[in-house]
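Have a look at the structure below, then the notes.
Below, chain A is the first sequence line, B the second, and so on; all start at residue 1.
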Amino acid sequence: MPQPPFTLPPQYDPRDVEGRLYQGWLERGVFTARADSPREPYVIVMPPPNITAILHTGQGLNNVIQDVLIRFERMRRREALWLPGTDHAGIATQNVVERLVAKEGKTRFDLGREQFVERVWAFVRETGSTILEQLKVIGSSCDWSRTRFTLDPAYSRAVREVFVQLWEEGLIYRGHRVIHWCPHCLTALSDEEAVFADEAGKLYYIRYPVEGGPQPFLTVATTRPETILGDTAVAVHPEDGRHAGFIGKTARLPIANLPIPIVADDTVDPAFGTGFVKVTPAHDANDFEIGTRHQLEMPLIMRPDGTMGEDGGQADGRSGGQSRPATARPPDRPTASRVPRELQGLDRFAAREKIVQMLEAEGLLEKVEPHTHAVRHCYRCDTVVEPRLSDQWFVKMRPLAEPVLGAYRNAEFRIVPERWRATFENWMGNIRDWNISRQLWWGHRIPVFTCTQCQHQWADREDPARCPKCGGAVIQDLDVLDTWFSSWLWPFATLGWPERTADLARFYPGHTLVTAPEILFFWVARMLMSGYHFMDRTLPFTTVYLHGTVRDTQHRKMSKSLGNGIDPLDVVRLYGADALRWTLIAGSSLGADVILDPNDLETTFAPGRNFANKLWNIGRFILAQLPERAPPLEALDVPSLPLADRWILSRAQATIRDATAAFEQFRLDEGAKRCFDFAWKELADWYVEAVKPRLAASGAAPAGGPPGSAAVAAPDAALGVLAYCLDTVLRLLHPVVPFITEELWQKLPGRKPDDLLVVAAWPRAQPDLADAEADRQFPLVQEAISSIRMLRAEYRVPPKARLQASVQPRSEPARQALAGERETILRLAQLSELAFDGKRAGVGAHAVLADGSEVFVALEGEIDVQQECRRLAGELARLEQQLSGLAAKLTNHNFVARAPAEVVAKEREKERAWRDQRQALAGKLKSLGCS
RNA sequence: GGGCGAAUAGCUCAGCUGGUUCAGAGCGCCUGCCUUACACGCAGGAGGCCGGGGGUUCGAAUCCCUCUUCGCCCACCA
C-alpha cells in the first residue's frame with residue numbers, strides 16, 4: 001500500500017532526524033574505511049584541532065568542506081577515509097591547565113613536572129573529545145575508528161623516530177642565537193609562532209657621550225630604550241660619510257656607564273634614524289649578527305619572565321631558556337653591574353619608562369617621535385615577544401624544502417587556488433631553520449641524552465640506562481618538542497608509521513588537504529617536507545585546498561576575544577546542521593572569505609533552513625504521489641513523453657554534469673547552487689506544477705480515496721520521472737546537506753532498510769536523456785505562462801478569475817510545444833480556455849514571446865486600450881533600440897569579418913527573432929488602433 | 001619595503017577560457033495571493049554609468065596600465 005498522502009509534517013524539523021540518522025550511519029560503520037577494499041582509496045586527513053578546542057565557525061567551515069569532498073568521493077565509489085584526530089597543542093594546552101592550577105593558587109612549579117603533566121592528562125581525558133563530538137553534530141563523516149592523538153604512544157614513537165633519524169642525518173643541531181622568547185609562556189617560539197602586529201610606538205633619540213670623537217656625543221634612535229643596558233657597541237654604515245670619524249672610537253653607554261666601541265657594519269641603514277645604531281646582541285637578532293661579526297660581548301639583561309636583571313640560567317648553554325619560577329630564581333648577583341639596582345626586577349615596559357626618565361634627567365634624551373612599527377607577539381598569548389639569546393635545537397630546513405619546492409614546480413602537487421604559488425615558493429625558497437625546542441612540560445620530551453661523565457651527547461630511540469661510551473649516568477634534555485614537530489608527521493604517523501601497516505600501504509599517500517592559509521607554513525609545507533623525506537619521496541597529498549576565513553560583516557576575523565563569533569552548535573540547534581552547512585558552502589566561493597553576521601543569525605542561516613524545508617516539501621509531495629513501485633525510468637519510452645518530462649529529464653542530466661564538474665574543481669558553492677536551482681526552480685516551480693493535472697487524472701494520487709482504490713493502471717510516466725528526479729537531486733545534494741537528503745531518500749519506494757544514501761552511488765549523466773530540443777521548447781511554454789501572469793498582474797485581474805487566451809505560434813515546433821503543454825498553460829496561467837490561431841474574443845492584452853509567437857488574453861471590460869497601447873509601444877521602443885544596436889553590429893564589416901563565424905551566425909539568428917517580435921508588436925499596435 | 005586579493009542591486013556575494021535576452025542569486029523592499037507539498041511558501045515588480053581614469057579589441061563587468069579605498073601575507077622599519 002502506498003504511503004498515505006502527506007502524513008509527513010508540513011515543516012521539516014531537523015532536531016527529529018539528525019541525531020538519529022548520524023547514529024544510524026555510525027552503527028552501520030559506513031564511515032569506516034577498509035584497508036582491504038578493492039576500491040581506489042580517497043584520503044583526507046583532518047587538520048587536528050587542539051585538544052582543548054571547542055568548535056568555532058572557522059573549524060566548522062573547514063570540516064564541512066572536507067565532509068562534502070569525502071561524501072562526494074565515497075558516493076563515487078572510492079574507498080573514502082577521512083582521518084580525524086586531535087593535537088596535543090603544547091603551549092595552548094599547558095596554558096589552559098596552568099590557568100586551572102592558578103585558580104587553586106598554585107603554579108606548575110609548585111606541582112612539579114611529573115604531577116603537572118599528569119594533571120594535563122587528566123584534563124585531556126576529561127574534555128579532550130569535546131570537539132570531536134561537536135564535529136559529529138555537524139555531520140562529519142570521519143572514520144572514528146582511526147581517531148588519533150599526537151601524544152598517542154604509537155604516534156609518539158613516530159615523532160621520536162623522526163627526531164633520531166634527522167639527528168643521524170645531521171639535520172638537527174644545537175644553535176646558539178637570538179630566538180623569539182615569550183616571557184609569559186616562558187618558552188622559545190619558532191619564527192612562525194611569533195607573529196607581527198603593527199603597533200604605534202615611539203622612536204627615542206638617545207645621546208651617547210663619545211670620547212675623542214668628532215663631536216662630544218652621538219645620537220642613536222631606538223624603539224626599545226630598555227635594551228641599552230645590553231648594548232655592547234654602536235654601529236654605523238662603513239660608507240656613511242657623516243659618521244666616518246666616529247668609527248673606532250669609544251662611546252660611553254648611559255646609565256650602565258660602560259665604554260663600548262663604535263664599529264662599522266654593512267647592515268646599518270644610513271637613512272634610518274640618525275645612522276647610528278645601538279647594538280644589543282643578546283636581545284636583537286640583527287644585533288646578534290653584528291655582535292658575532294665584531295666579537296662583541298653578549299650580555300643578557302632581562303630574565304626569562306621579561307623583568308630586568310641578568311639571568312644566570314642562560315650561561316650553562318644546556319637548555320637555554322630553561323625557565324625557572326620567580327621564587328626559584330637565584331638571588332641577584334653582585335656582578336650584575338649592567339642593570340642598576342633600581343631597575344632590577346622591573347618589568348621591561350616599566351623599565352622602558354624609567355630609563356627614559358633617567359636619560360631625560362641626565363640630558364641625554366634628545367627627542368621622542370611617534371613611530372609605527374611591527375612588533376612580534378606570541379601566537380598563543382599575544383604577549384610581546386622578547387628576542388633573547390639562548391641555546392635551542394634546530395632543524396636544518398633547506399635540505400628538506402628544496403625537493404618539495406622542486407616537486408611543486410614539477411606539478412607533483414598543486415595548491416588551490418593557484419594564487420598562493422608566489423607566497424609558497426617565496427617562503428620555501430627562503431626557508432629558515434626551525435627552532436623545535438620548547439621550554440614546556442606538555443609534549444614530546446626531546447630524546448637527546450648527555451653523559452654526565454664523558455659529556456657524550458646523542459639522540460636515542462629508547463631511554464638509555466647509561467652512557468654507551470663510558471657507562472656513566474645520563475640525563476635527558478629537559479625540553480619538549482614544538483607541537484608542530486609532531487603534527488608535521490600527521491599524514492603517515494596516523495597510519496602507523498614507522499611500522500609498515502596495512503593502513504599505511506593502503507592510505508598513504510592521501511589526496512586532498514583542506515585547510516586555512518594561516519597554517520600553510522606552520523603545517524602544510526612541513527607535512528609536504530616530512531612526507532617527501534620520510535616516505536620515500538612520496539608527497540602526502542596531491543592537492544592543497546586553501547579555503548577562506550570566516551569573518552563578520554565588518555570583515556573582522558571571528559574570534560573569542562572580539563566576541564564576534566558564532567557558535568556552530570547554536571546554529572544547529574536553531575536551524576539544523578544542514579542549514580549551517582548550506583550557508584557555509586553556498587557562502588564561500590573558491591578560496592574566498594565567508595562573511596557571516598553574528599548579530600543576525602536569522603538572515604544568515606534562515607536561507608539554509610528554508611531550502612531544507614523546501615526539499616522536505618518537494619519530497620513530501622512526490623512521495624505522496626508515488627505508488628509502492630514507481631515505474632523505473634528504463635521502462636519509459638522517453639522520446640514519446642510530454643515535453644515537460646523530456647525537459648526536466650534533460651535538465652537533470654545538465655545538473656549532474658555541472659554539479660559533478662563543480663565538485664571536482666572544488667567549486668563547492670557552484671555545485672551546491674546548481675542543485676539548488678534544479679530542485680527549486682526547475683523541479684518544484686515548473687515540473688511539479690506542470691504535472692499536477694496529470695497526477696490528478698492518473699488516479700495515482702488517491703485524493704482521499706479509500707486505501708487500495710488506486711488500481712495500477714498503465715504506468716504513469718510522470719511518476720517515474722518524479723521518482724527519478726527526486727532520487728537524483730537527493731543524491732546530488734547529499735554531500736552538502738546530508739541529513740535532509742538521507743531522511744527523504746530512505747522513504748523512496750523500493751528502499752530496503754539497509755539502503756543508505758550515504759553509501760549510494762553518485763548519479764551518472766545519461767547522454768540519451770539530454771534533449772536539446774526540449775531545452776529549447778519548454779522555455780516557450782514557461783514564457784507563455786509568465787507573460788500571461790504578467791498581464792494579469794499588470795491589469796490587476798482578480799486572482800480567482802479564469803481568463804480566456806489564445807496563442808499564435810510563430811513556427812511549427814512552437815505550435816507543438818505550446819499545444820502539447822496546453823493543460824500546463826491552462827493551469828499555471830489560470831485560464832478557462834486556450835485557443836490556437838486567431839480566435840480573439842474582443843478586447844484584450846497582448847504579449848510577444850522570444851521567438852515571435854503571440855499571446856492574447858481576453859480582458860473584456862477590464863482593459864484600458866490607452867494603457868495597452870502605451871505598454872506595447874514601450875516594448876516596441878525597447879526592442880527597436882536593441883535591434884538597432886544589433887543591426888549596427890551586423891553591418892560593421894570588422895565584426896562580420898573578424899568575429900568567429902558561429903558568433904556572427906548567433907547574432908543573425910537573434911536579429912531574425914527580434915524582427916519577428918517587432919513585426920508582431922507592430923501588428924498588435926495597429927489592430928488596437930493605437931496612434 | 002615586497003607580494004597577493006577585493007571593489008558589481010540597500011546588504012552578503014556569483015559572474016571560471018572577452019560576444020547586449022549575462023548585468024545575476026539569496027536576503028531586504030513594493031503589489032497581490034493561506035492556489036488541497038511548502039507563508040521557512042507562491043505569483044508579479046522596483047532597484048546597478050559592474051570603484052575612478054586610460055588602453056587593447058570589431059566588441060570589455062570580464063584582458064592590460066594607472067589611481068583611490070579596504071583586507072591579507074611576507075620582510076633583520078634599529
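Atom CZ in F621(A) sits roughly 11 Å away from atom C1' in rC38(B) (whole-Å rounding). Following rounding to the nearest Å, L601(A) (CG) and rU12(B) (P) show an atom-to-atom distance of 17 Å. Regarding I785(A), its CD1 atom lies at a distance of 10 Å from the P atom of rG44(B), rounded to whole Å. One can place CG of L791(A) at 19 Å from P of rG32(B), the figure rounded to the nearest angstrom. Whole-Å rounding puts the D191(A) CG to rC74(B) P distance at 11 Å. Atom CG in L623(A) sits roughly 14 Å away from atom C1' in rC38(B) (whole-Å rounding). Following rounding to the nearest Å, N426(A) (CG) and rG3(B) (C1') show an atom-to-atom distance of 8 Å. One interatomic measurement links the two molecules: CZ of F522(A) to P of rC73(B), which rounds to 11 Å at whole-angstrom precision.
Going from the C1' atom of rG51(B) to that of rA61(B) covers 12 Å, rounded to whole Å. Separation of the P atoms belonging to rG26(B) and rA14(B) is 16 Å when rounded to the nearest angstrom. Going from the P atom of rA23(B) to that of rU66(B) covers 31 Å, rounded to whole Å. Using P as the reference atom, rU69(B) and rC16(B) are 28 Å apart when rounded to the nearest Å. One C1' atom belongs to rU62(B), the other to rG55(B), and the distance between them is 15 Å to the nearest Å. Using atom C1' as the reference point in both rG18(B) and rC64(B), the two lie 13 Å apart (nearest Å).
Contacts of D265(A) classified as salt bridge (charged side-chain N to carboxylate O under 4.0 Å, His left out), with partners at least two apart in sequence or in another chain: R293(A). Considering only residues two or more places apart in sequence or on other chains, R657(A) meets the side chain to side chain donor-acceptor pair (under 3.5 Å) condition with none of them. With sequence neighbours left out, E192(A) forms a salt bridge (charged side-chain N to carboxylate O under 4.0 Å, His left out) with R526(A). Every residue two or more places apart in sequence or in another chain that forms a side chain to side chain contact (heavy atoms under 4.5 Å, CB included) with E689(A) is listed here: K692(A), R827(A), L828(A). Applying the side chain to side chain donor-acceptor pair (under 3.5 Å) test to N286(A) and every residue at least two apart in sequence or in another chain returns nothing. D231(A) is linked by a side chain to side chain donor-acceptor pair (under 3.5 Å) to Y208(A), K278(A), T280(A), counting only residues two or more places apart in sequence or in another chain. Shown here are the side chain to side chain donor-acceptor pair (under 3.5 Å) partners of T232(A), two or more places apart in sequence or in another chain: there are none. Applying the salt bridge (charged side-chain N to carboxylate O under 4.0 Å, His left out) criterion to R551(A), with sequence neighbours excluded, gives D593(A).
A salt bridge links E743(A) with K747(A): the distance from a Lys NZ or Arg NE/NH1/NH2 to an Asp or Glu carboxylate oxygen falls below 4.0 Å.
Phosphate contact (OP1/OP2 of rC42(B), side-chain N/O of K614(A), threshold under 4.0 Å): present. R432(A) has a side-chain polar atom (N or O) that falls below the 4.0 Å cut-off from OP1 or OP2 of rA75(B).
At the heavy-atom level, W582(A) lies nowhere under 4.0 Å from the strands shown. Residue contacts for R376(A): at a heavy-atom cut-off of 4.0 Å it reaches the sugar-phosphate backbone alone, with no base atom in range. Residue-level contact check: V220(A) touches neither bases nor backbone, having no heavy atom under 4.0 Å from any strand. Residue contacts shown for R789(A) are limited to sugar-phosphate atoms, with no base heavy atom under 4.0 Å away. Contact annotation for Q917(A): base contact, defined as any heavy-atom pair under 4.0 Å involving a base atom. Residue D685(A) is in sugar-phosphate contact alone, with no base atom involved, counting any heavy-atom pair closer than 4.0 Å across all strands shown. Nucleic acid contact class of A285(A) (heavy atoms, under 4.0 Å, all strands): none. Residue T372(A) is classed as a base contact, given a heavy-atom separation below 4.0 Å to a base. At the heavy-atom level, A612(A) lies nowhere under 4.0 Å from the strands shown.
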Run the side-chain donor-acceptor check on residues 196-207 of chain A: report pairs under 3.5 Å with partners two or more places apart or on a different chain.
from	atom 1	to	atom 2	distance (Å)
E199(A)	OE2	H377(A)	NE2	2.8
Y205(A)	OH	E369(A)	OE1	3.0
R207(A)	NE	E366(A)	OE1	3.1

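Closest to the side chain of W680(A), from the set rC42(B), rA78(B), rC40(B), is rC42(B). Closest approach to the F272(A) side chain among rC27(B), rC40(B), rC77(B) is made by rC77(B) (side chain taken as heavy atoms from C-beta onward). Of the listed nucleotides (rC38(B), rC77(B), rA78(B)), rA78(B) has the atom at the smallest distance from the side chain of T223(A).
Residues D191(A) and H180(A) have side chains that bring a donor and an acceptor to within less than 3.5 angstrom of each other.
For rA37(B), the base has a donor-acceptor partner in the side chain of K692(A) [N/O atoms by modelled type, under 3.5 angstrom]. Interface remark: the E689(A) side chain does form a donor-acceptor pair with the rA37(B) base, using a distance-only criterion of under 3.5 Å.
Relative orientation of the Y379(A) and F522(A) rings is parallel, given thresholds of 30° and 60° on the angle between their planes. Ring planes of H547(A) and Y545(A): perpendicular class, angle over 60° (limits at 30 and 60°).
Using a 4.0 Å cutoff on non-hydrogen atoms, no part of residues 193-207 of chain A comes near RNA chain B.
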Task: Structure string for RNA chain B in dot-bracket form, Watson-Crick and G-U at under 3.5 Å, | interchain - done: (((((((..((((.....[....)))).(((((.......))))).....(((((..]....))))))))))))....
Can you give me the N/O atom pairs linking the protein to nucleotides 14-20 of chain B at distances under 3.5 Å, or say none if there are none?
from	atom 1	to	atom 2	distance (Å)
rA14(B)	OP1	S589(A)	OG	2.7
rU20(B)	O3'	K910(A)	NZ	2.9

